[in-house]
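These notes concern the structure reproduced below.
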Amino acid sequence: MSSILVSQEAGVLAVTLNRPEKLNAFNPEMHQELRRALERAADEAEVRAVLLTGAGRAFCAGQDLAERDVSPGAAPIDLSASIGSYYNPLVRRLRALPKPIVCAVNGVAAGAGANLALACDLVLAARSASFVQSFSKIGLVPDSGGTFYLPRLVGSARAMGLALLGEKLSAEDAERWGLIWKVVDDEGGPTKGYGLLKKALYASPGNSLDAQLDLERDLQREAGFSEDYREGVTAFKEKRQPKFKGR
Ligand code: T3D
């Protein structure tokens, strides 16, 4: 499976960080694939904007810490290599991209994942999303532009609090503090399916078991023809959150 998913529709290049079992934490492969996607966005005239989001319940948990061997006899790791090769070029590439980058923060954004979002042009966050400057929890300094963007966006007092304490900031507070543009409601549900299930439950008290079984069969037939059913099953198979349209 690829570390990122890329699709293009109506001029928008949608890029989804796709390591959901690792909360979309970065490894070298994901960095390289993201770099290629951003190069494509820069080079192709048909791409007029980029939408960046994450698969599953997180946006991005920053560096994949499982890749760092910090066991007692292991050699010290020079983190400037990773920052210099991957994170700094990523932030510079985002800043230089001559097309708008919208970041849709779908869940928790931690460490470099939080600062990746801040480096985008317009940041939307699902109501259930959160932002964590988790670096201090592992003895590190905010990177990926965190010490640049944070004080500029929220002021030095709040930047210092976020960085020192490493506490989760809710999407609603992030909007209130000016860290992001807007909070949006979490993905909508399968509205058509909801309507059908209401029909079934409201009819239930007046029906015999036979009548109710027939009704369930008929309603399920209708639900099975919906676009949302197709999307729901596809998303399940691809281990991602469904994007329902209510049709
Ligand atoms: O090394 C360098 O290259 C230097 C550059 C550094 C840049 C950085 O980003 S440093 C900061 C690295 N990131 C973090 O420190 C964040 C670590 N993660 C967390 O603090 C929490 O997981 C979250 C706040 C993001 C979410 O918390 P929660 O309670 O919702 O989930 P969880 O249970 O902690 O995590 C779920 C799974 O994801 C869990 O795995 P498991 O037990 O189910 O197998 C956890 O280990 C894994 N996971 C979460 N974050 C990472 C990760 N695995 C690897 N790397 C991660 N960053």
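Any value given below was found using the heavy atoms of this structure, including those in side chains, with hydrogens, waters and symmetry copies removed. Indexing begins at 1, ligand by ligand and atom by atom, following the structure's order.
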### Task
Provide the number and element of each atom of ligand 1 under 4.0 Å from a heavy atom of G62.
9 (O)

#### Entry: Protein heavy atom under 4.0 Å of atom 45 (C) of ligand 1
no

### Summary
Note: L65, heavy atoms under 4.0 Å from ligand 1, region reported as both

### Query
Which residue and non-hydrogen atom of the protein lie closest to atom 26 (C) of ligand 1, and at what distance in Å?
L23 CD1, 3.7 Å

### Task
Have a look at ligand 1 and work out which part of K137, if any, has a heavy atom under 4.0 Å from it: side chain, backbone, both or neither.
neither

### Task
For atom 21 (C) of ligand 1, decide whether some protein heavy-atom distance is shorter than 4.0 Å.
no

### Query
Do other residues, nucleotides or ligands put more than 12 heavy atoms under 6.0 Å from the CZ atom of R92?
no

### Task
Looking only at distances, please establish whether an N/O atom of ligand 1 is found under 3.5 Å from an N/O atom of A112.
yes

### Query
Looking at atom 10 (S) of ligand 1, is any protein heavy atom nearer than 4.0 Å to it?
yes

### Side chain, backbone, both or neither: I83 near ligand 1, heavy atoms under 4.0 Å
side chain

### Task
Considering only protein heavy atoms, determine whether one is less than 4.0 Å from atom 34 (O) of ligand 1.
no

### Query
Is the closest heavy atom of Y87 to ligand 1 under 4.0 Å?
yes

### Message
Taking distance alone, with N or O pairs closer than 3.5 Å, would you say D143 contacts ligand 1?
### Response
no

### Message
Apply side-chain contact (heavy atoms from CB on, under 4.5 Å) to residues V50 and L97 and explain how you reach the verdict.
### Response
CA-CA 10 Å; V50 175; L97 196 91; 3.8 Å; yes

### Task
May I ask whether R57 places a heavy atom under 4.0 Å from ligand 1?
yes

